[in-house]
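Heavy-atom basis, side chains included; hydrogens, waters and symmetry copies ignored. All values derive from a computational prediction rather than experimental measurement.
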Amino acid sequence: MVRKIIFEVLGIVGVVVISILAFIIPSDPFKIIPSYTLYGFDKPLWLAIIIVGVFFYLIVLVSIYDYLKKRC
């Protein structure tokens, strides 16, 4: 129970940190990234960083949680 709360807090803090860094790290976070498909849409760099960063961060966090859950 405590482990689940810790990982939920880590998830929320990680998403907030990634969102803040998406604006701080790039020199021009509002640069538009063109869409390569007809169904996509042009998006700013900060949005792409947030989507990709949060996706991979949460995948790794859930994988670690599942591994620890199986071991104990």
Side-chain angles (χ1 to χ4, degrees):
M1 185 68 177
V2 174
R3 184 182 308 149
K4 182 177 180 182
I5 294 171
I6 291 171
F7 275 89
E8 287 175 353
V9 169
L10 281 174
I12 292 170
V13 169
V15 169
V16 169
V17 168
I18 290 171
S19 300
I20 292 170
L21 290 178
F23 287 99
I24 295 173
I25 292 176
S27 60
D28 183 16
F30 296 101
K31 180 180 177 184
I32 300 297
I33 299 176
S35 171
Y36 293 111
T37 65
L38 182 63
Y39 301 110
F41 59 94
D42 296 343
K43 59 191 126 331
L45 179 61
W46 63 266
L47 181 62
I49 292 172
I50 290 175
I51 291 172
V52 172
V54 167
F55 176 76
F56 284 119
Y57 176 73
L58 291 179
I59 290 294
V60 169
L61 197 64
V62 168
S63 299
I64 293 170
Y65 178 76
D66 286 341
Y67 175 75
L68 291 175
K69 191 175 179 181
K70 287 179 185 177
R71 274 190 86 185
C72 297

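- For Leu10 against Leu61, the heavy-atom pair with the smallest separation is C-CD2, 4.1 Å.
- Side-chain contact check for Leu68 versus Arg3: some heavy-atom pair is nearer than 4.5 Å.
- Put simply, the residue from Lys70, Glu8, Lys4 that forms a side chain to side chain contact (heavy atoms under 4.5 Å, CB included) with Tyr65 is Lys4.
- Using a 4.5 Å cut-off on side-chain heavy atoms (C-beta onward), Ile49 and Pro26 make contact.
- Shown here are the ring-ring contact (aromatic ring centres under 6.0 Å, His included) partners of Tyr57, two or more places apart in sequence or in another chain: there are none.
- Val2 and Phe7 fall within the same hydrophobic cluster, where Ile, Leu, Val, Met, Phe, Trp and Tyr residues are linked whenever their side-chain heavy atoms come under 4.5 Å apart, directly or through other members.
- For the side chain to side chain contact (heavy atoms under 4.5 Å, CB included) test, residues two or more places apart in sequence or in another chain that qualify with Asp66 are Val62.
- Hydrophobic clustering, with ILVMFWY side chains joined whenever heavy atoms are under 4.5 angstrom apart, groups Val60 together with Ile50.
- The minimum heavy-atom distance between Pro29 and Ala22, with the atom names listed, is CB-O, 3.9 Å.
- Ring orientation note: the planes of Phe23 and Trp46 are close to parallel, at an angle under 30° on the 30°/60° scale.
- A donor-acceptor pair under 3.5 Å is absent between the side-chain atoms of Asp42 and the main chain of Ile32, judged by distance alone.
- Shortest non-hydrogen contact noted between Ile33 and Leu45 is CD1-CD1, 3.6 Å.
- Val54 and Ile12 are members of different hydrophobic clusters when ILVMFWY side chains are connected at heavy-atom separations under 4.5 Å.
- At a threshold of 4.5 Å between side-chain heavy atoms, the hydrophobic network of Ile, Leu, Val, Met, Phe, Trp and Tyr places Ile51 and Phe30 in one connected group.
- Enclosure of atom NZ in Lys69 is not indicated, since only 12 or fewer non-hydrogen atoms of other residues, nucleotides or ligands lie within 6.0 angstrom.
- Hydrophobic clustering of Ile, Leu, Val, Met, Phe, Trp and Tyr side chains at less than 4.5 Å, counting indirect connections, keeps Ile18 apart from Val9.
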